[in-house]
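Worth knowing before you read on, the calculation uses all heavy atoms, side chains too, and leaves out hydrogens, waters and symmetry mates. By convention in this document, chain letters (A, B, ...) are assigned in the order of the sequence lines, proteins followed by strands, and residues within each chain are numbered from 1.
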Amino acid sequence: MRDAPLLAVENLRTEFPSPRGVATVLHGVSLTIGRGEAVGMVGESGCGKTMTARSILRIVPPPGRVTAGRVVLDGRDLLALSEGEMAGVRGRRIAMIFQEPGAALNPVISVGEQITDVLRAHHAASRGDARTRAIELLREVGIPDPAARLSAFPHQLSGGTQQRVAIAIALACAPDVLIADEPTTALDVTIQAQILQLLRRLTVDKGLGLLFITHNIGAVAQIADRIIVMYAGRVVEDGSVDAVIDTPQHPYTRALLRAMPTMMARREERLLEIEGQVPDLANPPLGCPFHPRCPAVMAHCGVQDPPLAEMEPGRRVACWLYDHASVRPT
Amino acid sequence: MRSVGWPSGGIGQAASLAVLAVFVVLAAVPSLVSPFDPLAQDIPGRLHAPSGAHLFGTDELGRDIFSRIVHGARISLGTALVAVALSLAMGVPLGLLSGYVGGTPDEVISRLTDVVLALPAILVAMTIIAITGRNPVMVAVVIGIVYTPALIRITRSVALRIRALPYVAAIRTAGASTAYIMFRTILPNSRNEIYVQTLLIASQAIVIEASLSFLGLGIAPPAPSWGAMLQTGRSYLHAMPWYGVFPGLCIVALVLSLQLLAGDVRRRL
Amino acid sequence: MDGYVLRRIGSLVPVLFLSSIIVFLLIYMIPGDPVLALLPPDPRPEQIEATRAHYGFDRPLAEQYLRWLSRVATGDLGQSISKGVAVGRLLRESFSVTVQLASSAFLLALAIALPLGIAAGLKPGGRLATFLNFYATMGLAIPAFWVGILLILVCGVWLQWLPTSGFRGILRDPVQAVRFLILPAITLSLPQSAVLASFLRYSVQAVQGADYVTAAVANGLPRRLIVFKVIVKNALIPVVTVAALQLGHLLGGTVVVESVFSIPGLGRLLVDSIAARDYPVIQGALLLILSVFISLNFATDLLYSWLDPRVRVH
């Protein structure tokens with residue numbers, strides 16, 4: 001019996017009007033995140049990973065909008081909340097950290113003040129209490145001499161420290177869910193490992209739900225419990241990290257893994273490029289969006305889009321290769 | 001100098017060109033349009049409000065204001081023309097030199113232009129006039145000197161940009177001389193930017209000439225400079241309010257059309 | 001930060017010296033004997049000789065400059081040829097007038113430009129943004145002295161609300177001072193406010209797209225805090241430089257505006273002295289204007305570094 005998930009996203013649909021027609025960037029995305037669980041979301045650029053994060057927090061840049069679906073946190077559908085109520089959720093129940101920490105921090109305010117601003121926005125804390133808590137937070141994310149660091153400005157800090165500060169800000173109000181959008185992509189390789197370990201430790205220690213977005217499957221293998229593979233605004237496969245990486249089922253997942261040079265189990269395989277290009281989201285092909293590039297394509301693939309179906313408990317795939325007559329679609 | 005676009009697009013451009021054309025005609029053949037001699041006085045008929053005979057009324061010496069305004073176009077546009085020509089002649093070569101050759105000449109020229117550009121144009125003009133003395137002929141020259149740095153700067157930045165192109169390195173190794181590169185390669189490519197600047201400089205030149213004349217440091221009466229007319233008109237606002245309105249209206253119309261044209265060209269760059 | 005300030009002062013001093021040299025050399029640039037520049041027209045030979053000896057015109061140029069500089073440092077800027085009083089006194093009186101006019105105009109320009117620019121920047125397609133386009137174009141095209149004349153016409157002549165010329169010091173008579181300052185201050189502030197509002201609008205628009213704004217929203221910060229502490233605070237930084245440039249144009253604008261409204265300020269003094277070829281006054285006025293100008297630019301640099309912590313680190 002699984003615990004009830006912390007966050008449940010159901011059939012999320014996000015659209016962007018564009019000169020060539022309406023681009024559907026999210027095509028009915030469904031996923032869950034449990035308490036203390038780290039979920040990795042992978043896929044190529046433009047597959048909808050970041051857009052999923054933004055849709056959950058309702059910070060999709062205009063003119064894009066979320067047009068359908070539910071985002072359930074604690075029994076409440078976040079998409080049905082007013083903007084004011086949503087502001088109370090952001091930072092407080094769900095927090096997010098971004099790819100370039102230097103760009104995500106306000107350049108003209110000290111890091112300490114940025115933490116206390118968030119604290120005092122969500123709680124009625126005094127300046128003194130907020131300051132103490134800020135020092136605690138900086139210590140928790142592994143920044144040495146935190147009291148001295150409070151008055152530092154973002155540009156005075158290294159990339160790794162900037163990202164730690166961003167994590168501290170995100171954790172300030174003890175949220176339930178932390179979304180990390182490519183948190184290590186812009187950092188040095190040596191620092192990447194440290195930040196990843198930090199995120200893992202915080203997830204476990206605080207019982208957070210972590211949605212970890214990246215195009216680096218190796219990173220996912222290091223710290224995630226489950227993995228979600230995305231393509232053209234859809235979830236094409238998800239399941240536990242070990243299962244999916246050991247035995248990928250969706251042809252796209254297989255291609256992704258073969259294209260990654262650093263996978264331990266696959267070291268003897270050649271690097272293979274994935275031929276073709278991602279589809280135009282304003283005019284997608286009929287049927288499965290991957291079929292023009294799929295090595296295992298069948299006639300039916302160009303006709304109907306396969307639903308995401310549960311093959312075994314905890315394992316879902318969206319592909320006509322698998323016999324759907326005997327399984328229940330989720 | 002910046003220009004902002006309102007109204008933008010076709011209507012703004014067409015109207016600007018039309019206005020400009022009108023003033024150019026007035027400047028070229030004023031006698032065809034003006035009903036009266038701009039200098040002809042008529043003391044008993046002084047300071048009359050606009051009427052059938054005198055479209056814009058009469059000034060303090062009975063002269064027809066409309067005729068004076070028409071003849072004044074030649075002063076404004078003529079000054080602008082001379083000022084622009086002068087600043088082009090001095091500014092473009094210096095800018096090309098500064099941008100293409102670089103080194104010490106560039107340092108010196110850039111520093112000087114930075115300093116002069118930081119100062120308000122009218123103060124620079126007044127300082128030069130303090131040295132040369134008040135001289136109606138010099139007004140256009142002074143304004144030309146004032147705006148030379150603006151042209152130096154824009155030409156220099158284009159030269160810097162083009163200098164970095166592989167094409168320039170190629171023809172240099174083929175033996176092209178510095179002068180050839182400067183004038184036959186870089187210059188033709190900076191036509192658009194220079195064109196925009198000349199329009200803007202022309203618009204500013206008209207304002208500066210009018211300001212100087214208004215202050216009594218430029219073109220003096222009885223010449224029908226719009227700025228000088230405004231100075232006199234200021235004193236007669238109680239008796240003849242229109243005296244102070246019409247010359248200013250013409251300045252605005254001309255300046256606005258030049259700036260809109262410049263903004264339009266710049267947008268299409 | 002102290003190092004930065006010291007370095008800026010370090011570059012300030014040579015610039016001040018340079019401009020003083022230029023002003024000093026002014027009378028040598030006019031055609032003819034420089035001594036005659038300091039004397040009323042048609043002087044007697046004894047006067048010429050006396051002046052020549054007094055100012056040391058027979059000495060080497062460098063020495064003359066130093067003597068002039070030391071005189072300036074003690075406040076002796078010579079005598080006005082046309083008015084017969086000490087140049088220093090003329091400058092003091094007129095400068096205080098211009099300062100009142102220029103500061104009221106600048107404050108007015110800020111009061112208009114700040115709300116207009118910020119609001120137009122936050123809503124790029126809105127009505128305020130369209131109005132700002134119109135306002136900016138007009139502000140740059142309409143010469144200041146015509147605006148002044150129109151204002152005089154409407155408010156002074158037709159409606160008879162306000163006086164059309166003259167000046168009252170703010171310390172002597174605050175109420176009257178305001179009445180005399182309103183129209184000139186509005187005239188002077190219009191082009192500045194147009195440019196400032198325009199720049200501020202573009203700056204706000206640029207900042208709005210920044211990652212740190214999205215991050216602030218993602219953190220759930222209240223809208224007012226985001227607008228002021230995140231957007232505006234970052235957007236103001238480049239605008240400060242523009243504001244400094246505008247101060248220079250403001251100084252230039254006072255020349256014309258003081259003439260339109262017959263205000264006895266520094267600009268008016270300069271105009272009159274040029275017309276009268278009163279070189280001691282011309283030199284004194286130019287020296288003062290240049291010094292103020294340079295000091296203002298310097299102050300802006302300091303302000304910029306205070307606003308943007310990234311600049312301080314060097």
What pairs of donor and acceptor atoms, side-chain ones from residues 118-130 of chain B against any protein atom, are under 3.5 angstrom apart with sequence neighbours left out?
residue	atom	partner	partner atom	Å
B/Thr127	OG1	B/Leu123	O	2.7

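- A distance of 14.5 Å separates OH of B/Tyr243 from CG of C/Leu153, quoted to the nearest 0.5 Å.
- Atom CH2 of B/Trp242 sits in a sparse spot, with 12 or fewer heavy atoms from other residues, nucleotides or ligands closer than 6.0 Å.
- Scanning both residues, B/Leu230 and C/Phe145, for their nearest heavy atoms gives CD1-CE1, 3.3 Å.
- Residue C/Val147: no heavy atom, backbone or side chain, is found under 4.5 Å from chain B.
- Interface with chain B: from residues 285-295 of chain C, residues C/Leu286, C/Ile289, C/Leu290, C/Phe293 qualify, criterion being any non-hydrogen pair under 4.5 Å.
- Contact record, B/Val255 with C/Ala141: CG1-O, 3.4 Å, taken as the closest heavy-atom pair.
- Only the side chain of C/Leu150 comes within contact range of chain B, with at least one heavy atom under 4.5 Å from a heavy atom of that chain.
- Summarising the local packing, CZ of C/Phe17 is surrounded by 12 or fewer heavy atoms from other residues, nucleotides or ligands at distances under 6.0 Å.
- Neither the backbone nor the side chain of C/Tyr135 comes within less than 4.5 Å of any heavy atom in chain B.
- Residue B/Leu258: no heavy atom, backbone or side chain, is found under 4.5 Å from chain C.
- Among C/Val255, C/Ile282, C/Leu251, C/Leu250, the residue making the largest number of heavy-atom pairs under 4.5 Å with chain B is C/Val255.
- Nearest heavy-atom pair, B/Gly244 versus C/Trp146, reported as atom, atom and distance to 0.1 Å: O-NE1, 3.1 Å.
- The two atoms that bring B/Ile131 and C/Met29 nearest to each other are CG2-O, 3.4 Å, heavy atoms only.
- Interface remark: B/Leu217 contributes side-chain atoms only to the contact with chain C (heavy atom separation under 4.5 Å).
- Within the structure, ring pair (Phe, Tyr, Trp, His ring centres under 6.0 Å) contacts touching residues 250-269 of chain B (residues at least two apart or in different chains) do not occur.
- Note that CD1 of C/Ile142 and CD1 of B/Ile251 are 11.0 Å apart. Values are rounded to the nearest 0.5 Å.
- More than 12 non-hydrogen atoms from other residues, nucleotides or ligands lie less than 6.0 angstrom from CZ of C/Phe298.
- The list of side chain to side chain donor-acceptor pair (under 3.5 Å) pairs with a residue in residues 218-228 of chain B, not counting sequence neighbours, reads B/Glu209-B/Ser225, B/Ser213-B/Ser225.
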